[in-house]
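Treat the numbers as computed from the prediction; the structure is a model and nothing was measured.
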Amino acid sequence: MGEQTQVQTQTQTQPHTPTPTQPPHHDSIDDTTIAEVSPTPTQLTNAPSQTSSPPSKIPFRPRKIRKLSPDTSDPNSSQQIVALPDNPKPLPAAAKSAKSKAVQQRTLSAPKIAARPLSCEGEVEAAIRHLRNADPLLAPLIDLHQRPTFDTFQTPFLALTRSILYQQLAYKAGNSIYTRFVGLCGGEACVVPETVLAQTPQQLRQIGVSGRKASYLHDLARKYQNGILSDAAIVNMDDKSLFTMLTMVNGIGSWSVHMFMIFSLHRPDVLPINDLSMRKGVQLLYNLDELPRPSQMEHLCEKWRPYRSVAACYMWRFSESKGAPSSAAAVAAGATLPPQQQQEEQQQQHPQHPQQQQLMDSLSSLINIGACTWGP
């Protein structure tokens, strides 16, 4: 009772404090007395800081602050910073995501073509050794016929341009038009998309290029100019993607793409399943009753991988030796191809006018581009 009277007396005699954040001095009373007095606004300001915010925010706010601007002078802060990597929840997901991205980047940056072109030294010899071991029926043909050679290479755009210009023409006629076309552009080095687009259909018609071929040339050049195609992309593209992209060009069908891949890019594993002479050679080699369908060619020639292009050259020579119409193997001699093959190619591009095509799309357009020749 006496202690309560003493506290009340001291509280009444203390002067009024204008600032509530400044607590009055209680030097004359002990801790026990203060504890028994009901809390005042002054005492609430001295309450621990953790009660001033909701408990749910306590673990996150200091962690964010310390992560962005850690205070190295505070030992508690340094301990918590060290403890942050111990949290197992975010790190495995981040590490997994980073790993998957790294693997994806390596996959995208990996070269598309694992095999070397047939024009590289020793590749044709390696192909012949493989074909001998893979298919005993090919060994006699390899001994009988001269091996193919793949000597030269020009830019893909120039090669595709030549392929279009030589369509439906014999070698001499195609070569004459091609020579005038190169002169119109200012030389082979100037046969680029911008130069081709600058030539009007009327100018091209004056040198013997038909209106349809002029539209093919412009379509090819526009796809280059728009970035859909490029020489670098064509050289580094895998066979399947290249086939898809090139057949998007007006005037270029599947047969033309296969010939371009073999005779210009020197791809080692191309199987021209739509080539009539190729199919005839397979029929003769395996003593089939009927000409194999394109869908059967993949299965019959599977054992020739990864050098089906070289095997195709021997099939062309074999069918020609048996009296079948000349095909790609006759390119070195400047011959044209049979009308039936040319009609099949043109029908892929213009099925509404199959009777308008009377001559074969000549492989001789690839002679000076890097065609397959037969040497000792």
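Looking at every heavy atom in both residues, P272 comes nearest to H258 through CA-ND1, 3.6 Å. Residues S256 and I252 approach most closely at CB-CG2, 4.2 Å, considering heavy atoms. G211 approaches R205 most closely through the heavy-atom pair CA-NH2, 4.2 Å. Nearest approach of M261 to L242, heavy atoms of both residues: CG-CD2, 3.8 Å. Here the closest non-hydrogen pair linking S319 and L284 is CA-CD1, 4.2 Å. When all heavy atoms of Y314 and R147 are compared, the pair lying nearest together is OH-CA, 3.4 Å.
In this structure, CG on L217 lies 5.0 Å from CD1 on I164, to the nearest 0.5 angstrom. Of the inter-residue distances, the one linking C301 atom SG with I273 atom CD1 reads 10.0 Å to the nearest 0.5 angstrom. Between the CG atom of L220 and the CD atom of Q225 there is a distance of 11.5 Å, given to the nearest 0.5 Å. Distance NZ/K322 to CD/Q283: 12.5 Å, rounded to 0.5 Å. Atom CD of residue Q202 and atom OG1 of residue T200 lie 4.5 Å apart, to the nearest 0.5 angstrom. Note that OG of S210 and CD of Q167 are 9.0 Å apart. Values are rounded to the nearest 0.5 Å.
The side-chain heavy atoms of L204 and L184, taken from C-beta on, include a pair separated by under 4.5 Å. In this structure the side chain of Y307 reaches within 4.5 angstrom of the side chain of E123, judged on heavy atoms. With a 4.5 Å cut-off on side-chain heavy atoms, F318 and L144 do not count as touching. Side-chain contact check for M278 versus M297: some heavy-atom pair is nearer than 4.5 Å. Using a 4.5 Å heavy-atom cutoff, the side chains of Y224 and D231 are in contact. Side-chain contact between S254 and F243: present, with at least one pair of heavy atoms (C-beta onward) separated by less than 4.5 Å. Under the 4.5 Å side-chain criterion, counting only non-hydrogen atoms from C-beta, L138 is in contact with M315. In this structure, the side chains of L160 and L246 come closer than 4.5 Å at one or more pairs of heavy atoms.
At a threshold of 4.5 Å between side-chain heavy atoms, the hydrophobic network of Ile, Leu, Val, Met, Phe, Trp and Tyr places I228 and V192 in two separate groups. F181 and L197 sit in two unconnected hydrophobic clusters of ILVMFWY residues. Membership requires side-chain heavy atoms under 4.5 Å apart, directly or through other members.
A donor-acceptor pair is defined here as one N or O able to donate and one able to accept, closer than 3.5 Å; such a pair exists between the side chain of T179 and the backbone of N175. Side chain of T195 to backbone of C190: a donor-acceptor contact under 3.5 angstrom is found. Between the side chain of N226 and the backbone N or O of R222, at least one donor-acceptor pair lies under 3.5 Å. Here the side chain of S241 pairs no donor or acceptor atom with the backbone of M237 at under 3.5 angstrom. In this structure, H218 contributes its side chain and Q199 its backbone to a donor-acceptor pair below 3.5 Å. Between the side chain of R279 and the main chain of L291, no donor-acceptor pair closer than 3.5 Å is present. Checking side-chain atoms of T247 against main-chain N and O of T244 turns up a donor-acceptor pair under 3.5 Å. Distance alone, capped at 3.5 Å, places no donor-acceptor pair between the D269 side chain and the S309 backbone. Although no hydrogens or angles enter the test, the distance criterion places no donor-acceptor pair under 3.5 Å between the side chain of E302 and the main chain of H299.
At most 12 heavy atoms of other shown residues, nucleotides or ligands fall within 6.0 angstrom of atom CD in E121. Within 6.0 Å of atom CD in E194, more than 12 heavy atoms from other residues, nucleotides or ligands are found, so the atom counts as buried in its surroundings.
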Stepwise side chain to side chain contact (heavy atoms under 4.5 Å, CB included) check, F157 with V196: CA-CA 11 Å; F157 182 79; V196 173; 3.9 Å; yes
Going through the distances and angles, do R317 and L141 end up as a side chain to side chain contact (heavy atoms under 4.5 Å, CB included)? CA-CA 9 Å; R317 271 301 189 193; L141 297 182; over 6 Å; no
Just do the side chain to side chain contact (heavy atoms under 4.5 Å, CB included) check on Y178 and V209 with the steps written out, would you? CA-CA 9 Å; Y178 175 76; V209 180; over 6 Å; no
Give the C-alpha distance, both sets of side-chain angles, the deciding distance and a yes or no for side chain to side chain contact (heavy atoms under 4.5 Å, CB included) between Q154 and E188. CA-CA 10 Å; Q154 291 184 341; E188 282 191 339; 3.7 Å; yes
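Ring geometry for Y171 against Y166 counts as parallel: the plane angle stays under 30°, on a 0 to 90° scale with 60° as the upper cut.
Between R308 and E298, at least one side-chain nitrogen of the basic residue sits less than 4.0 Å from a carboxylate oxygen of the acidic one, meeting the salt-bridge criterion. A salt bridge links K223 to D219: one of the charged nitrogens lies within less than 4.0 Å of a carboxylate oxygen.
Between the side chains of S176 and R180, at least one donor N or O lies within less than 3.5 Å of an accepting N or O.
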Which donor-acceptor pairs under 3.5 Å do the side chains of residues 127-136 make with protein atoms, sequence neighbours left out?
from: H130; atom 1: NE2; to: R305; atom 2: O; distance (Å): 2.5
from: R132; atom 1: NH1; to: D143; atom 2: OD1; distance (Å): 3.0
from: R132; atom 1: NH2; to: D143; atom 2: OD1; distance (Å): 2.4
from: N133; atom 1: ND2; to: R129; atom 2: O; distance (Å): 3.2
from: D135; atom 1: OD1; to: L137; atom 2: N; distance (Å): 3.2
from: D135; atom 1: OD2; to: Y286; atom 2: OH; distance (Å): 2.5
from: D135; atom 1: OD2; to: W304; atom 2: NE1; distance (Å): 2.9

